[in-house]
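Computed from a predicted model, the values in this text were never measured in an experiment. Values reported hereafter were calculated over all heavy atoms of this structure, with side chains retained and with hydrogens, waters and symmetry mates removed.
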Amino acid sequence: MFEFATLEGAMACFSQVNYVGQNNCVFFATTAVQTSPFGGFAGGFVSGMEQAQNGRAWAGYLINVNENGFGVLPLDRTNHKLKVLIDDLSPRYDEFTYIPYQQLAEVKIKKVGLGNSVKHVIVKMANAPQYDWQVRCAEKLLPYQEENFARFLEFYGKKK
């Protein structure tokens, strides 16, 4: 079983970097595939290079949004198969990033494709490259994903 398979395991990961608050909202995300004016393979390559330059080209992220801000724990592959699987990811504690609310410029949520099961989350910060995440509203291997991401969407989603 991988380290963040349960909410307790995910919180143990965040406790290793001293980032546990009173109201934790933990969910899993991957790096969003960027669109590029180049399109196709070249567009994917260009956007991948941009993400790598910004230090944001990890296989996945464990995110904890709480009263202190955003805690971003990158996840790296333990094996390098072609397909990235959640249970093949391991936290990179040395790459943890804390984003206080004072540094947030904007949090935008867009739907991906025709359905509602995947969202594109853009976190813009003052004086830093933005984070672009793709988040599935529910993850079979992460029982806490659906409830926590729904709470995140309730707070940051469009208010109608």
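Residue Val118 shares its hydrophobic cluster (ILVMFWY side chains chained together at separations under 4.5 Å) with Val112. Cluster note: Leu85 groups with no other residue, as no ILVMFWY side-chain heavy atom lies under 4.5 Å from it.
For the atom pair Tyr61 OH and Thr31 OG1, the distance stands at 3.5 Å (nearest 0.5 Å). Here the CG atom belonging to Asn68 is positioned 5.0 Å from the OH atom belonging to Tyr98, to the nearest 0.5 angstrom.
At a threshold of 4.5 Å between non-hydrogen side-chain atoms, the residues Tyr156 and Val121 do not count as touching. Residues Lys111 and His120 are not in side-chain contact: their nearest non-hydrogen atoms beyond the backbone lie 4.5 Å or more apart. Side chains of Cys13 and Leu73 form a contact here, defined as non-hydrogen atoms less than 4.5 Å apart. In this structure, Val65 and Phe155 have side chains that are not in contact, with every pair of non-hydrogen atoms separated by 4.5 Å or more. By the 4.5 Å heavy-atom criterion applied to side chains, Leu89 and Trp58 are not counted as neighbours. Within the 4.5 Å cutoff, the side chain of Phe28 has no heavy atoms near those of the Phe149 side chain.
Hydrophobic clustering (ILVMFWY, side-chain heavy atoms < 4.5 Å, transitive): Tyr131 and Leu104 are in one cluster.
Residue pairs meeting the salt bridge (charged side-chain N to carboxylate O under 4.0 Å, His left out) criterion with at least one partner in residues 6-28, sequence neighbours excluded, are absent. Legend: salt bridge (charged side-chain N to carboxylate O under 4.0 Å, His left out) pairs involving residues 136-149, not counting sequence neighbours, sorted by first then second residue: Arg136-Glu139. Sorted by first then second residue, the side chain to side chain donor-acceptor pair (under 3.5 Å) pairs that include residues 15-30, not counting sequence neighbours, are Tyr19-Asn66, Asn24-Asn64, Asn24-Asn66.
When every heavy atom of Phe14 is checked against every heavy atom of Leu62, the shortest pair comes out as CZ-O, 3.3 Å. Leu7 approaches Tyr144 most closely through the heavy-atom pair N-CD2, 3.3 Å.
Listed by chain and number, the residues in a side-chain contact (heavy atoms from CB on, under 4.5 Å) with Leu141 are Phe2, Ile86, Asp87 (sequence neighbours excluded). Tyr93 is linked by a side chain to side chain donor-acceptor pair (under 3.5 Å) to Glu3, counting only residues two or more places apart in sequence or in another chain. Legend: residues meeting side-chain contact (heavy atoms from CB on, under 4.5 Å) with Arg151, ordered by chain and number and at least two apart, are Cys25, Asn148. Listed by chain and residue number, Asp88, Ser90 satisfy the side-chain contact (heavy atoms from CB on, under 4.5 Å) test with Thr78 (two or more places apart in sequence, or in another chain). Under the rule for a side-chain contact (heavy atoms from CB on, under 4.5 Å), the partners of Ala29 that lie at least two apart in sequence or sit in another chain are Ile63, Trp133, Val135. For Asp76, the salt bridge (charged side-chain N to carboxylate O under 4.0 Å, His left out) partners two or more places apart in sequence, or in a different chain, are Arg92. Residues passing the salt bridge (charged side-chain N to carboxylate O under 4.0 Å, His left out) test with Glu106, sequence neighbours excluded: Lys124.
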Let me see the working for Tyr101 and Phe70 under side chain to side chain contact (heavy atoms under 4.5 Å, CB included), right down to the final yes or no.
CA-CA 7 Å; Tyr101 285 114; Phe70 283 58; 4.0 Å; yes

